[in-house]
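We use all heavy atoms of the structure for the numbers below, so side chains are in, but hydrogens, waters and symmetry mates are not. Below, chains carry the letters A, B, ... as their sequence lines are ordered, and counting in each starts from 1. None of the values given here were measured: they were computed from a predicted structure.
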2 protein chains.
Amino acid sequence: MGITIKDVAKLAKVSTMTVSRVVNNTGTIAVETRKRVLDAIDTLHYKPNTIARTLVAQKSRIISLIVPDIANPFFSELIKHAEAEAKRFGYNLFIGDAGWDITNEREFIDSSIGRMSDGVILVTPRLPDEELQALSAAIPLVVVDRSMAQTKVMDVYVDNYDGAFEATEFLIEAGHERIGYIRGWEDVLNTKRREQGYADALKKHGIPYRPELIQVGDYREQSGYNAFRYFIELSERPTAVFASNDMMAYGFISACIQNGVRIPYDISVMGFDDITLFFEHVPRLSTVSHPRIPMIRKAVDMLLGLPADEISKFDAELHTELVIRDSVSRLD
Amino acid sequence: MGITIKDVAKLAKVSTMTVSRVVNNTGTIAVETRKRVLDAIDTLHYKPNTIARTLVAQKSRIISLIVPDIANPFFSELIKHAEAEAKRFGYNLFIGDAGWDITNEREFIDSSIGRMSDGVILVTPRLPDEELQALSAAIPLVVVDRSMAQTKVMDVYVDNYDGAFEATEFLIEAGHERIGYIRGWEDVLNTKRREQGYADALKKHGIPYRPELIQVGDYREQSGYNAFRYFIELSERPTAVFASNDMMAYGFISACIQNGVRIPYDISVMGFDDITLFFEHVPRLSTVSHPRIPMIRKAVDMLLGLPADEISKFDAELHTELVIRDSVSRLD
DNA sequence: CTGTTAGCGCGTTCAC
DNA sequence: GTGAACGCGCTAACAG
């Protein structure tokens with residue numbers, strides 16, 4: 001059993017209320033009394049019980065952050081920045097790894113409610129709109145990187161359409177026509193938007209959309225790796241492959257290297273996200289950069305109720321941007 | 001304000017105690033009453049308040065896990081497995097990223113105490129023995145990947161000496177004599193053990209220990225990258241470099257690739273940890289594999305009070321192992 | 001089978 | 001400046 005406020009009160013020969021006041025710096029206390037209390041706190045190594053405080057205050061100073069996959073650098077980086085932003089306001093993070101699984105998402109939200117989280121940030125959840133809408137009645141919810149426009153749920157959304165369009169157009173302008181595409185989870189909105197961007201860019205340049213050039217992936221490395229086998233066995237191989245996220249692009253590249261297919265000489269690769277690796281990968285991946293840092297900051301700020309005009313400052317930054325490096329060659 | 005047990009009791013026309021019994025499946029309840037309560041719970045969407053439960057039970061079913069760097073794959077993988085193991089027992093994880101910083105470690109432990117965590121797992125903390133010892137009086141503590149033999153603190157320790165010795169010896173037997181070494185944080189025990197292994201292997205084979213071949217790093221990629229610059233400008237360059245963790249090895253490799261230094265033809269590289277990348281890196285790194293999965297599992301099990309004989313089953317697995325891949329060449 | 005009482009550790013309210 | 005009483009949401013112990 002831990003030291004409680006009562007123990008301190010007893011030792012300092014005051015009421016618990018006085019101790020509480022000292023700890024929280026509220027009310028007025030005689031200098032001498034304060035010193036006695038402080039001494040008692042010190043000798044007893046008293047630490048206030050946050051659980052009890054939470055129960056009284058109906059506020060935990062915790063926000064939950066649910067990501068689809070903690071081992072994915074895109075998300076672990078997000079966590080770092082979310083933690084930093086939350087800390088600025090004296091908040092702790094309760095982190096959950098949903099593993100791209102709906103049931104886990106649900107359980108984690110329930111758990112957050114039970115633990116009196118002050119809010120939940122969901123990064124690209126797979127839970128349907130209606131359920132998120134319903135849940136948001138029970139606890140403040142911010143959905144990140146997915147539009148909740150049809151609902152009243154708060155969101156921080158970066159439309160990925162333009163990024164995918166520009167990336168595809170870039171490949172086309174480099175002379176590519178047979179452009180393979182690796183898709184992500186179908187039930188994620190941005191997956192659809194990215195694919196639309198890809199398709200529309202083809203259409204704009206009069207290039208037919210060929211279903212056989214589309215591979216279904218799951219945003220994980222392995223599916224990029226697998227896509228390689230498929231594309232390489234096509235009678236007419238693509239000259240370029242656009243992976244709808246960097247993880248799959250890297251998986252694809254690994255397969256290429258292992259099979260002696262050189263990038264960008266034998267095939268070009270374009271990614272999406274611009275994740276920060278912990279070391280430089282060669283060839284350096286051309287990709288679409290995603291404004292994830294301002295995005296997650298904004299999500300935290302929304303939850304902590306920063307004034308709207310302060311939050312909207314970030315808006316200017318929220319767009320994707322083409323990043324040209326070494327993984328795409330010109331077909332001239 | 002959320003729905004409480006009182007609301008349910010009122011609606012079901014029973015006492016809160018009865019609701020509590022239904023929720024927890026304790027005591028005996030008339031079938032009919034149970035149904036009324038269940039209905040009320042359903043229509044009200046009642047969720048028990050874990051905070052209040054925690055206060056009563058003096059038990060939160062949460063364990064804290066503090067890692068030095070959440071974005072390092074070694075640790076994010078650890079988190080995944082810790083979470084899985086904890087879940088088996090119905091526990092949630094409270095994850096903290098200390099950023100290799102002592103103050104953060106301290107704050108996070110304090111916060112864990114305040115939040116009534118049932119225990120704390122510290123992965124390679126930098127806090128001194130005495131302080132950890134003291135802290136362990138306030139909350140169950142398990143230190144992972146660091147020996148606490150001098151204290152009464154629980155630990156799950158894998159001595160890294162042998163692994164470093166074998167790795168160095170492997171390089172020597174491949175014909176290398178000028179072997180560079182990149183060290184990690186000096187105040188971490190395993191750092192010392194790894195360096196001892198390196199030094200002893202040299203000694204065994206009559207190769208002088210040269211201080212100019214030692215570079216100080218911090219376990220992060222960047223310091224491996226920086227070490228490259230140092231080694232490459234040496235009048236007598238090393239023919240092989242042993243990085244004391246994979247992150248620094250990868251940093252070093254990146255620098256090599258960017259500077260046209262080929263691995264393993266121009267220089268050999270050996271790592272430590274055998275982290276699982278989310279894609280295949282080329283060249284594939286030769287390294288020392290670290291039994292981190294059984295290690296973290298064991299830590300969780302110790303905290304959750306699994307019987308000693310169950311836990312010790314894991315012991316057999318707890319040793320490092322040489323993993324030979326493509327980053328080391330023979331000098332023949 | 002069900003309800004009442006008391007208390008987990010703390011802070012708010014209102015006295016003194 | 002300080003303290004006593006009450007309640008946050010829940011459950012253990014004891015009635016009935």
Side-chain angles (χ1 to χ4, degrees), chain A residues 1-38 40-41 44-62 110-118 138-139, chain B residues 1-38 40-41 44-62 110-118 138-139:
Chain A
M1 210 89 340
I3 303 295
T4 79
I5 202 170
K6 280 187 195 164
D7 303 315
V8 178
K10 195 173 297 176
L11 182 60
K13 296 192 205 306
V14 294
S15 73
T16 61
M17 203 44 234
T18 302
V19 179
S20 173
R21 281 194 265 257
V22 171
V23 170
N24 298 297
N25 260 311
T26 57
T28 46
I29 308 267
V31 210
E32 199 186 326
T33 316
R34 148 166 283 123
K35 185 178 165 0
R36 270 214 324 285
V37 172
L38 252 19
I41 287 177
L44 257 27
H45 298 296
Y46 167 72
K47 303 237 193 305
N49 183 321
T50 312
I51 294 290
R53 274 185 176 172
T54 299
L55 197 57
V56 170
Q58 299 284 51
K59 211 164 174 321
S60 61
R61 301 194 81 77
I62 282 231
D110 277 354
S111 172
S112 298
I113 296 174
R115 295 191 188 283
M116 300 180 80
S117 267
D118 292 345
I139 189 168
Chain B
M1 212 86 346
I3 303 295
T4 80
I5 202 169
K6 280 188 195 163
D7 302 315
V8 178
K10 195 173 295 175
L11 182 60
K13 296 191 206 306
V14 293
S15 74
T16 61
M17 204 44 231
T18 302
V19 178
S20 172
R21 282 195 265 257
V22 171
V23 170
N24 298 297
N25 261 310
T26 58
T28 46
I29 308 267
V31 210
E32 200 184 328
T33 317
R34 149 165 284 123
K35 188 179 162 1
R36 271 213 324 283
V37 173
L38 252 20
I41 287 177
L44 256 29
H45 298 296
Y46 166 72
K47 304 238 193 304
N49 183 321
T50 312
I51 295 291
R53 277 186 174 170
T54 298
L55 196 57
V56 171
Q58 300 282 55
K59 210 165 175 322
S60 61
R61 300 195 80 78
I62 282 228
D110 277 355
S111 172
S112 298
I113 295 174
R115 294 189 189 285
M116 299 180 80
S117 268
D118 293 346
I139 190 167

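Scanning both residues, S117(A) and S60(A), for their nearest heavy atoms gives CA-OG, 3.6 Å. Closest approach of I113(A) to A138(A), counting heavy atoms only: CD1-CB, 3.9 Å. When every heavy atom of V8(B) is checked against every heavy atom of V37(B), the shortest pair comes out as CG1-O, 4.2 Å. Looking at every heavy atom in both residues, T16(A) comes nearest to I5(A) through O-CD1, 3.6 Å. The two residues R53(A) and V23(A) have their closest heavy-atom pair at NH2-CG1, 3.2 Å.
For dG9(C), the OP1/OP2 oxygens have a side-chain nitrogen or oxygen of Q58(B) closer than 4.0 Å. Distances shown here put a side-chain N or O of S15(B) below 4.0 Å from the OP1 or OP2 atom of dG3(C). Under 4.0 angstrom from either OP1 or OP2 of dC8(D) there lies at least one side-chain N or O belonging to K6(B).
Rounded to an integer number of Å, the gap from R53(B) CZ to dG7(C) C1' is 18 Å. Spacing between atom CG of D7(A) and atom P of dC8(C) amounts to 11 Å, rounded to whole angstrom units. Distance, L55(B) CG to dG11(C) P: 12 Å, rounded to whole Å. The NZ atom of K59(A) sits 14 Å away from the P atom of dG11(C) (whole-angstrom rounding). Regarding N49(A), its CG atom lies at a distance of 18 Å from the P atom of dC8(D), rounded to whole Å. One interatomic measurement links the two molecules: NZ of K47(A) to P of dC10(C), which rounds to 13 Å at whole-angstrom precision. Rounded to a whole Å, the OH atom of Y46(A) is 7 Å from the C1' atom of dC10(C). Whole-Å rounding puts the I41(A) CD1 to dC10(C) P distance at 10 Å.
At a threshold of 4.0 angstrom between heavy atoms, the contacts of T16(A) with the nucleic acid are absent.
Sequence order on DNA chain C of the closest nucleotides to R34(B) and A57(A) puts R34(B) first from the 5' end. Residue order along DNA chain D, read from the 5' end via each residue's closest nucleotide, puts K13(A) first among I5(B) and K13(A). DNA chain D is contacted by both I51(B) and V14(A); V14(A) maps to the nucleotide lying nearer its 5′ end (nearest heavy atom per residue).
Of the residues in residues 20-32 of chain B, those with a non-hydrogen atom less than 4.0 angstrom from any atom of DNA chain D are S20(B), N24(B).
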Quick one: do R34(B) and N25(B) satisfy side chain to side chain contact (heavy atoms under 4.5 Å, CB included)? Show the steps, please. CA-CA 10 Å; R34(B) 149 165 284 123; N25(B) 261 310; 3.4 Å; yes
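In the set dG9(D), dT12(C), dC10(C), dT12(C) carries the atom at the smallest distance from any side-chain atom of M17(A).
A 4.5 Å side-chain heavy-atom check between D110(B) and K47(A) finds at least one atom pair inside the cut-off.
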